[in-house]
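Written out below as structure tokens is the structure these notes cover.
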Amino acid sequence: MTHKIDHRKLGLPSDQRMALLTNLQRQFIRHGYTRTTLGRAKELQRLVEKLITLTKMEDGLEARRRARKVLVGHSASSPIPTKRLAGKTAGEKVQILQQMSLINGEDLVKHLFDEVGPRFKDRKGGYTRLTKIGPRRGDGAPEAVLELVD
């Protein structure tokens, strides 16, 4: 019996599973769709719908902090890599710091609240669509596409 089972284990240890799902959430928020195996897509759908629901909360700051905890995953006070910035021009320094922002997900929180959330302001739920696309070539794993509903 499978009573009180909260999530899928996906055949991975917990740290690897959390890293996988975090990366899938980041990819989904950035692009609006993800193509992956059916089990991963079902688990991702559950998590992404919660993230989009966060954008509707009354208190914007608390919601952004919760989303940031998921999408960024570490503290904001990361040290600036002085070795990478040494000997660079001002424009190159700005470019390096922007690339670091893309890596750690700060822009994803802004994109989630400014672009994705307002699209579903009047919708009560069901922000994503899961479409099965058949077996994967090679190992035959069932694949699916998870995308935002228009």
Side-chain angles (χ1 to χ4, degrees), residues 2-86 88-133 141 143-150:
T2 57
H3 296 297
K4 296 187 179 183
I5 301 298
D6 185 36
H7 60 275
R8 293 166 181 82
K9 291 191 177 181
L10 304 175
L12 294 171
S14 60
D15 58 339
Q16 293 176 15
R17 181 174 56 247
M18 293 308 295
L20 170 79
L21 291 172
T22 299
N23 286 330
L24 283 173
Q25 287 178 74
R26 289 175 183 166
Q27 178 184 352
F28 184 82
I29 296 299
R30 187 176 305 278
H31 300 291
Y33 75 97
T34 300
R35 179 180 174 172
T36 184
T37 62
L38 184 61
R40 290 176 181 177
K42 285 181 178 180
E43 188 66 17
L44 178 63
Q45 183 177 26
R46 184 178 72 88
L47 297 171
V48 167
E49 298 239 349
K50 287 181 183 179
L51 267 182
I52 295 173
T53 303
L54 268 180
T55 63
K56 298 180 173 186
M57 288 180 60
E58 295 286 331
D59 181 18
L61 182 60
E62 176 61 25
R64 284 179 186 266
R65 285 179 179 164
R66 285 190 194 174
R68 188 176 180 285
K69 185 185 279 189
V70 173
L71 293 175
V72 178
H74 54 77
S75 65
S77 61
S78 59
I80 297 175
T82 54
K83 290 181 181 179
R84 291 177 91 186
L85 299 178
K88 306 287 186 193
T89 65
E92 291 171 339
K93 288 180 183 180
V94 169
Q95 187 176 13
I96 289 171
L97 293 174
Q98 285 176 345
Q99 288 172 350
M100 289 177 56
S101 177
L102 289 176
I103 290 170
N104 72 13
E106 291 291 339
D107 63 328
L108 291 178
V109 176
K110 183 175 181 350
H111 179 71
L112 176 67
F113 281 86
D114 295 345
E115 306 285 329
V116 179
R119 286 174 53 184
F120 303 108
K121 186 175 82 173
D122 298 328
R123 195 175 180 105
K124 294 196 182 289
Y127 314 114
T128 58
R129 174 187 306 125
L130 185 66
T131 308
K132 296 178 184 178
I133 57 172
E143 277 196 316
V145 173
L146 184 67
E147 59 190 349
L148 289 171
V149 175
D150 291 331

Glu92 meets the salt bridge (Lys or Arg N to Asp or Glu O under 4.0 Å) criterion, sequence neighbours left out, with none
Can you tell me how far apart NZ (Lys88) and CG (Leu85) are? Round to the nearest 0.5 Å.
8.5 Å
Ala19: side-chain contact (heavy atoms from CB on, under 4.5 Å) partners, not counting sequence neighbours
none
Answer whether the closest heavy-atom distance between the side chains of Leu148 and Ile52 falls below 4.5 Å.
yes
Across all chains, not counting sequence neighbours, the salt bridge (Lys or Arg N to Asp or Glu O under 4.0 Å) partners of Arg17 are none
Apply side-chain hydrogen bond (donor to acceptor under 3.5 Å, both in side chains) to Glu143 and list each qualifying residue two or more places apart in sequence or on a separate chain.
Arg35
Apply side-chain contact (heavy atoms from CB on, under 4.5 Å) to Phe28 and Leu146, showing your working.
CA-CA 8 Å; Phe28 184 82; Leu146 184 67; 3.8 Å; yes
Check Leu21 against Leu44 and note the closest heavy-atom contact, atom names and distance.
O-CD1, 4.3 Å
Solution key, residues 118-130 side-chain donor-acceptor pairs under 3.5 Å, sequence neighbours excluded:
unit_1 : atom_1 : unit_2 : atom_2 : d
Arg123 : NE     : Gly125 : O      : 3.1
Arg123 : NE     : Gly126 : O      : 3.0
Arg123 : NH2    : Gly126 : O      : 3.2
Tyr127 : OH     : Lys56  : NZ     : 3.1
Thr128 : OG1    : Gln45  : NE2    : 3.1
Thr128 : OG1    : Glu49  : OE2    : 2.6
Arg129 : NH1    : Glu147 : OE2    : 3.1

Under the rule for side-chain contact (heavy atoms from CB on, under 4.5 Å), what residues qualify as partners of Asp114, not counting sequence neighbours?
Arg64, Lys110
Quick one: are Leu51 and Leu71 in side-chain contact, heavy atoms under 4.5 Å?
yes
Minimal heavy-atom distance between Ala67 and Leu112, with the atoms involved, is CB-CD2, 4.0 Å
Contacts of Thr22 meeting side-chain contact (heavy atoms from CB on, under 4.5 Å) (sequence neighbours excluded), chain-then-number -> Arg26
State, with a plain yes or no, whether a side-chain heavy atom of Thr34 is found less than 4.5 Å away from one of Val145.
no
With salt bridge (charged side-chain N to carboxylate O under 4.0 Å, His left out) as the rule and sequence neighbours excluded, what pairs involving residues 3-14 come up?
Arg8-Glu43
Sequence-distant partners of Arg65, side-chain hydrogen bond (donor to acceptor under 3.5 Å, both in side chains), two or more places apart:
none
Closest non-hydrogen contact found for Leu47 with Gln25 is CD1-NE2, 3.7 Å
